[in-house]
Number of protein chains: 2
Amino acid sequence: MKQTARAADDGLKLSAWLPYRLFLVAAQVARPLESFYGETFGLSQAGWRILAVIAERDAANASEIGRACALDPFATSRGIGQLTELGFAVRRASKSDRRFAAVSITRSGRTAFSRIAALGSAIETRLLARLSESERTTLDSALTRLEGESARIDTGGWRALLEDAGAP
Amino acid sequence: MKQTARAADDGLKLSAWLPYRLFLVAAQVARPLESFYGETFGLSQAGWRILAVIAERDAANASEIGRACALDPFATSRGIGQLTELGFAVRRASKSDRRFAAVSITRSGRTAFSRIAALGSAIETRLLARLSESERTTLDSALTRLEGESARIDTGGWRALLEDAGAP
DNA sequence: CACAGATAATTGCATAGTGCAAGTACTATG
DNA sequence: CATAGTACTTGCACTATGCAATTATCTGTG
């Protein structure tokens, strides 16, 4: 996690490498939640994410949903399909432009969401309990910038990364 | 990211939920790296993680490797198999206990690792450049505690989570 | 020493998830 | 009114994952 990285840095230590550390926390924390909504509702990860999005944002179309939870159009379509099969969501074609379908959460979808969200909040609470108030504030604002930078890294692709490392 | 979460919290907002935010940064940042080592070397995610582990820790056996990069024995075995096929690693049965196989990185494995690590370091550098020195320090120590807590959350499973949320 | 019971790692196979080409249904535009 | 473009959706091949069963090996006990 040192800042003075050379272009060819063999000293990368997985357990100290920031992206791996973030991944590890996210993966470990996602596992119990996933097995909960998987066993209880037969929901996939994409399904849960979409459910969370339509719970707070009614009548969104597929691409809005996809953008909000970082899913490609295929995964989004399948996730919505899963939710409608489970009775957790309904699709209604838009009146003005029938290519768009407004997706809404159903009552039973909201019930399922509440139960998963309770577990999700419990996880977050457990994590935040390990941090001081000022650490939470710092983490919040740091994460906002990391989200922005990681999005740029993603869209740039690996060639762009090597370019600015090679010619800084 | 509020601390006062009730047992049944409907107000979970995906984009503000700490585990999702960590996941998002990790996933966005992993994508260009993955396509690099995938296209260039035909390496899987597990393969890359194992390569990083054996680059810094010679002659480790499969379970040590698995522990070090959070892979189950199946994925570890398959990852090592991939690395040996690519000529990036060799297995040698241990002299003292032939159930164990010591896995070592080869010269070409180290070359591949160097090239991937360069990209990995470039990514980390880009991320850290967005943070101040004190933010880096805070993030480092906060992440250490989050890693510990997430490991406990993972091993406890979802039932344990609902119990201590229900009876705090 | 034999041999039941661990342990480390691997393999087979069924199932689940992903990526992409192609398709449908619709709208906008010259 | 053909053409192009948009918003999904589906089918299919391929990949990954989870888990039972297997192999090979070692250890403790009578």
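Not measured: the values here are computed from a predicted model.
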Nearest-0.5 Å distance, CZ of residue B:Arg21 to CG of residue B:Leu18: 7.5 Å
Rounded distance [0.5 Å steps], CD1 in B:Ile123 versus CH2 in A:Trp17: 5.5 Å
Distance, rounded to the nearest Å, where B:Leu71 contributes CG and D:dA16 contributes P: 13 Å
Rounded interatomic separation in angstrom, taking CZ from B:Arg67 and P from C:dT7: 13 Å
Between D:dT23 (C1') and B:Phe100 (CZ): distance, integer Å: 16 Å
Contact under 4.0 Å: A:Asn61 side-chain N or O vs D:dC8 OP1/OP2: yes
Basic-acidic side-chain contact under 4.0 Å: B:Glu135, B:Arg130: no
Salt-bridge present (A:Arg67, A:Glu64; N to O < 4.0 Å): no
Spatial distance of atom CG (B:Leu83) from atom OG (B:Ser44) [nearest 0.5 Å]: 7.5 Å
Residues within residues 25-32 of chain A bordering DNA chain D, heavy-atom distance below 4.0 Å: none
Side-chain heavy atoms of B:Val25 within contact of A:Phe23, under 4.5 Å: no
For residues 31-39 of chain B, run the donor-acceptor check on the side chains, cut-off 3.5 Å, and write out each pair with its distance to 0.1 Å, sequence neighbours left out.
from, atom 1, to, atom 2, distance (Å)
B:Arg31, NE, A:Asp154, OD1, 3.3
B:Arg31, NE, A:Asp154, OD2, 3.3
B:Arg31, NH2, A:Asp154, OD2, 2.8
B:Ser35, OG, B:Arg31, O, 3.3
B:Ser35, OG, B:Pro32, O, 3.0

Most 5' of A:Gln45 and B:Ser63 on DNA chain C, judged by nearest nucleotide: B:Ser63
Nearest-angstrom distance from the residue atom CD of A:Glu85 to P of D:dT9: 13 Å
Closest non-hydrogen atom pair between B:Ser150 and A:Val29, with its separation: CB-CG2, 3.7 Å
Which nucleotide in C:dT10, C:dA9, D:dA16 has an atom nearest any side-chain atom of B:Ser44: D:dA16
From B:Leu128 atom CG to B:Thr125 atom OG1, the distance as rounded to the nearest 0.5 Å: 6.5 Å
Contact pattern, 5' to 3', of nucleotides 18-30 of chain C - B, S or - by protein heavy atom under 4.0 Å: -BBB----BS---
Length of the CG-C1' vector between B:Leu43 and D:dT15, whole Å: 15 Å
